[in-house]
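These notes are about the structure you will find just below.
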Amino acid sequence: MKDLSDIRLEHLDILKEIGNIGAGNAATALSQMLNKTIDMKVPAVKVVPFNEISNLVGGEEVVVAAIFLRIKGDAPGNMFFMLPVDEASRLVQQLVGDSTIDFSEEPINEMGASALNEVGNILAGSYLSALSDFTKLNLQPTPPDLAIDMTMAILSFGLVELSQAGDFAIVIDTEINELGEDETIQSKAHFFLLPDPESLIRIFHSLGVPLDE
């Protein structure tokens, strides 16, 4: 696949459906883990050139919190769960009930980092499980790594891990809502799927909507 022109609306619709199923599974897992009512949804799925990813989170020099993991199996690739550092702090503060957690300050709070890592792990596992169920492909995540740095530094790290990187990413917009009695607290994040060059072809072929040759 040489460029993004092969991706059609039907491909994005299928990815959005799979994303919403994954988000529902993740919300259930987070609700049980935290004993709180968590709702998640995927308002949009899009495909963007790799060099435009940083724009989605505010620019190349914006500090973000990111969970990185490698996908192994039948359709290998990389995944990032990424959100601005202030959003990450606020999300984890609400999840663990500690208002002192601030990922913009060093040293990084270990309990907060562990909680954010687990959120990313649950999200990744839920998305990959849904994708695997639909495609019947074997997709397994590696243990996640947490990084807090500027956007492009984190993305470059991910590509160092991948010798044959594609030039685009699937972006799964994600809304995480904690439903309380008096208010709903919303956090917005992005999930980036960076397939290896041949993986997206294999995924869509397995879904019954092959990309144009």
Side-chain angles (χ1 to χ4, degrees), residues 3-4 7 12 15-16 19 22-23 26 40-71 76-95 101-110 112-128 141-176 185-197 199-200:
D3 55 44
L4 305 182
I7 300 286
L12 297 180
L15 289 174
K16 183 177 179 180
M40 292 178 57
K41 61 182 178 180
V42 174
V45 173
K46 48 189 174 285
V47 179
V48 299
F50 182 81
N51 59 9
E52 294 181 9
I53 290 177
S54 60
N55 296 335
L56 297 176
V57 289
E60 295 184 4
E61 297 184 359
V62 169
V63 176
V64 295
I67 307 296
F68 167 81
L69 55 89
R70 177 80 180 147
I71 305 167
N78 289 343
M79 294 186 83
F80 291 91
F81 171 63
M82 188 180 297
L83 66 171
V85 69
D86 56 339
E87 286 272 342
S89 300
R90 188 164 61 88
L91 173 63
V92 173
Q93 286 172 9
Q94 296 299 325
L95 293 180
I101 292 173
D102 186 351
F103 290 119
S104 66
E105 297 181 353
E106 295 185 348
I108 299 300
N109 182 289
E110 291 187 7
S114 177
L116 186 59
N117 218 27
E118 186 61 20
V119 169
N121 196 30
I122 289 173
L123 276 170
S126 298
Y127 282 136
L128 285 182
T142 62
D145 287 321
L146 171 65
I148 297 175
D149 206 335
M150 289 187 293
T151 306
M152 285 310 296
I154 288 174
L155 292 172
S156 297
F157 162 77
L159 290 183
V160 167
E161 299 291 304
L162 181 59
S163 60
Q164 292 185 331
D167 59 357
F168 62 94
I170 296 168
V171 184
I172 304 170
D173 291 337
T174 303
E175 291 183 1
I176 305 172
I185 299 169
Q186 183 181 92
S187 298
K188 294 184 178 181
H190 299 286
F191 218 97
F192 299 102
L193 171 61
L194 285 70
D196 287 12
S199 292
L200 203 61

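From a predicted model like this one, the values you see are computed outputs, not experimental measurements.
Rounded to the nearest 0.5 angstrom, Phe68 CZ and Phe81 CZ are separated by 15.5 Å. The CD1 atom of Ile176 sits 9.5 Å away from atom CD of Glu87, with the distance rounded to the nearest 0.5 Å. Here the CD1-CG distance, from Ile71 to Leu128, works out to 5.0 Å after rounding to the nearest 0.5 Å. In this structure, CZ in Phe103 is found 12.0 Å from CG in Asp86, a value given to the nearest 0.5 Å. To the nearest 0.5 Å, atoms NE2 (His190) and NZ (Lys46) are separated by 6.5 Å. Remark: Phe80 CZ to Asp145 CG distance equals 10.0 Å, nearest 0.5 Å.
Taking the six-membered ring for Trp and thresholds of 30 and 60 degrees, Phe191 and Tyr127 have ring planes more than 60 degrees apart, a perpendicular arrangement.
A donor-acceptor pair is defined here as one N or O able to donate and one able to accept, closer than 3.5 Å; no such pair exists between the side chain of Glu175 and the backbone of Lys41. Although no hydrogens or angles enter the test, the distance criterion places no donor-acceptor pair under 3.5 Å between the side chain of Arg70 and the main chain of Pro141. Side chain of Ser89 to backbone of Val85: a donor-acceptor contact under 3.5 angstrom is found.
Looking at Leu12, Leu193, Val48 one by one, the single match for side chain to side chain contact (heavy atoms under 4.5 Å, CB included) with Ile170 turns out to be Leu193.
Between Ile101 and Val92 the shortest heavy-atom distance is CD1-CG1, 3.7 Å. Closest of all the heavy-atom pairs between Leu69 and Ala124 is CD2-CB, 3.2 Å. Met40 and Ala23 make their closest contact through CB-O, 3.7 Å (heavy atoms, listed as atom of the first residue, atom of the second, distance). Nearest heavy atoms, Ser199 versus Pro76: OG-O, 2.6 Å.
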Can you give the donor-acceptor pairs under 3.5 Å from side chains of residues 115-123 to other protein atoms, not counting sequence neighbours?
none

